[in-house]
2 protein chains.
Amino acid sequence: MRQPIEILGLHNLKRTSCREGIIRVIMSASTALSESEIRERLEGNYDRTTFYRSFKTLVENKIIHKIVVDNQLVKYALDNSVTHKHEHAHFYCNECERVQCLDDVVMPALKLPTGYTLTEMELIIKGLCNQCSCKN
Amino acid sequence: MRQPIEILGLHNLKRTSCREGIIRVIMSASTALSESEIRERLEGNYDRTTFYRSFKTLVENKIIHKIVVDNQLVKYALDNSVTHKHEHAHFYCNECERVQCLDDVVMPALKLPTGYTLTEMELIIKGLCNQCSCKN
DNA sequence: GTTCTTGCAAAATATTTGCAAGACG
DNA sequence: CGTCTTGCAAATATTTTGCAAGAAC
């Protein structure tokens, strides 16, 4: 996978430490991360406004994507254009509240009602992850 | 389908005009509605706090369910326990921004990774609805 | 009459915008 | 140096909480 700096260059975005850091943290994580989780793992201390704007820019450029579980739980993960993976489902664990991209769960082919066209789909699966289901 | 008043009684909830009105408006709609859309269609004028609490109560009692598209677009629709229908996908139209429950799109059976257990799934399909795709 | 719900005020939280200073290329 | 990005302040929006008055049963 490409390096953060390189990715920014490919999209003609300025290589700022905030953007670079966000991408680096998300790349090194095994689960999707929330704004505060990303902040904790960054060295620099950035203004919240800057965070919002950086996320917005990265999402618009399809470098990361936003996952919203129910309401108010917003997490970010690398976008397919960076990982070279296909559209995938997201798994939310009711216990540890972590969100993971399920790369191996293929998105089902659906038959929509007549006249409807599909551009995108989002599948969120809720349950217990492997770690949390062992504990019970 | 049962009447709003009756539904409230079945869940041991007091029959207040706010709750009754919310259920009635949602029942008579063909698409999922947002808080403000529901407010517009109600006679009485209720405090926003009351609205939030009413939605919370109705969702907890599985009378309605909440659908969140991307972030910040929250809509409500009748729950399966009231409609007697199965789990279904939701369709969001990028053009008219309406959300519809696709009762005929069966939720796919998925094979999760080992150790993962499923309790719930939410499938949101985005695209153009039949009305909006005709116009283009 | 007891319990639950409402409305109001206020707090907590989340998000957006304008603008001047600063960094990138 | 021109353009884009940041940080700060402030505006806007969203959601939650406490409490007293009111409605439901």
Side-chain angles (χ1 to χ4, degrees), chain A residues 3-26 32-40 42-76 97 99, chain B residues 3-26 32-40 42-76 97 99:
Chain A
Q3 292 302 301
I5 293 282
E6 194 185 356
I7 295 172
L8 288 170
L10 286 172
H11 289 85
N12 291 316
L13 296 173
K14 298 202 169 169
R15 298 81 181 266
T16 69
S17 65
C18 182
R19 291 174 179 171
E20 190 267 330
I22 290 175
I23 299 177
R24 189 165 31 74
V25 167
I26 292 179
L33 301 175
S34 66
E35 180 206 324
S36 59
E37 289 167 331
I38 294 172
R39 158 163 291 121
E40 288 167 7
L42 277 179
E43 316 78 40
N45 201 21
Y46 300 95
D47 189 85
R48 203 163 182 198
T49 310
T50 304
F51 255 54
Y52 280 119
R53 286 191 277 224
S54 298
F55 287 130
K56 189 164 181 283
T57 302
L58 296 178
V59 168
E60 283 171 352
N61 282 272
K62 295 190 188 302
I63 296 173
I64 64 176
H65 65 261
K66 186 192 260 196
I67 308 157
V68 184
V69 182
D70 291 329
N71 208 9
Q72 301 306 59
L73 178 61
V74 180
K75 302 241 183 179
Y76 296 93
E97 297 185 304
V99 173
Chain B
Q3 292 303 301
I5 293 282
E6 194 186 356
I7 294 172
L8 288 170
L10 285 173
H11 289 85
N12 291 316
L13 296 173
K14 298 201 169 168
R15 298 81 179 268
T16 69
S17 66
C18 182
R19 291 174 180 169
E20 190 267 330
I22 290 175
I23 299 176
R24 189 166 30 74
V25 167
I26 293 180
L33 300 175
S34 66
E35 180 206 324
S36 58
E37 289 167 331
I38 294 172
R39 160 162 291 124
E40 287 166 9
L42 277 180
E43 316 78 41
N45 199 21
Y46 300 96
D47 190 86
R48 204 163 181 196
T49 311
T50 305
F51 254 54
Y52 281 118
R53 285 190 277 223
S54 297
F55 287 130
K56 190 165 182 284
T57 302
L58 296 178
V59 168
E60 284 171 351
N61 282 272
K62 295 191 189 303
I63 295 172
I64 64 176
H65 66 262
K66 185 192 261 195
I67 307 157
V68 184
V69 183
D70 292 329
N71 207 10
Q72 300 308 60
L73 178 60
V74 181
K75 302 241 182 179
Y76 297 92
E97 297 186 305
V99 174

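Convention: sequence-line order gives letters A, B, ...; per-chain numbering from 1. Just so it is clear, the model here is predicted, and its values are computed rather than measured.
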Practice problem: Rounded off to whole Å, could you give me the NZ-to-C1' distance for the A:Lys75 and C:dA14 pair? | Solution: 17 Å
Self-check item: Close side-chain approach of A:Ile38 and A:Phe51, heavy atoms under 4.5 Å
Solution: yes
Quiz item: For A:Ile5 and C:dA23, what is the distance between atoms CD1 and C1' respectively, to the nearest whole Å?
Solution: 13 Å
Quiz item: Would you say B:Arg19 and B:Lys14 make side-chain contact, with heavy atoms under 4.5 Å?
Solution: yes
Quiz item: Starting at NE2 of B:His11 and ending at C1' of D:dA24, how long is that distance when rounded to a whole Å?
Solution: 18 Å
Practice problem: Round to the nearest Å and state the distance from A:Glu20 atom CD to C:dA23 atom P. | Solution: 17 Å
Exercise. Take the protein atom OH of B:Tyr52 and the nucleotide atom C1' of C:dT6, then report the distance between them rounded to whole Å.
Key: 16 Å
Quiz item: Which one, D:dT6, D:dG7, D:dG2, comes nearest to the side chain of A:Asp47?
Solution: D:dG7
Quiz item: Could you give the NZ-to-P distance, from A:Lys14 to D:dT3, as a whole number of Å?
Solution: 10 Å
Practice problem: Please figure out whether A:Ser17 or B:Asn12 has its closest DNA chain C nucleotide nearer the 5' end. | Solution: B:Asn12
Exercise. Measure the distance from CZ on B:Arg19 to C1' on C:dG7 and round it to the nearest whole Å.
Key: 15 Å
Quiz item: Going by heavy atoms in the side chains, are B:Leu33 and B:Tyr76 under 4.5 Å from each other?
Solution: no
Quiz item: Under 4.0 Å between a Lys/Arg side-chain N and an Asp/Glu carboxylate O for A:Arg24 and A:Glu43?
Solution: yes
Quiz prompt | D:dT6 OP1/OP2 closer than 4.0 Å to side-chain N/O of A:Thr16 | solution = yes
Quiz item: So, is A:Arg15 close to the C:dG25 phosphate, meaning a side-chain N or O under 4.0 Å from OP1 or OP2?
Solution: yes
Quiz item: Can you tell me how far P of C:dT17 sits from CZ of A:Phe51, to the nearest Å?
Solution: 20 Å
Quiz prompt | Shortest side-chain distance from A:Arg48, nucleotide among D:dT15, C:dG7, C:dT15 | solution = C:dT15
Quiz item: Does A:Glu35 pair with A:Arg48 as a salt bridge, N-O distance under 4.0 Å?
Solution: yes
Quiz item: Nearest nucleotide by nearest heavy atom, which residue falls closer to the 5' end of DNA chain D, B:Leu13 or B:Lys56?
Solution: B:Lys56
Exercise. Look at B:Thr50 and C:dG7 and indicate whether a side-chain polar atom (N or O) is within less than 4.0 Å of OP1 or OP2.
Key: yes
Quiz item: Under 4.0 Å between a side-chain N or O of A:Thr49 and OP1 or OP2 of D:dC8?
Solution: no
Quiz item: For D:dT6, does either OP1 or OP2 sit under 4.0 Å from a side-chain N or O belonging to A:Arg53?
Solution: no
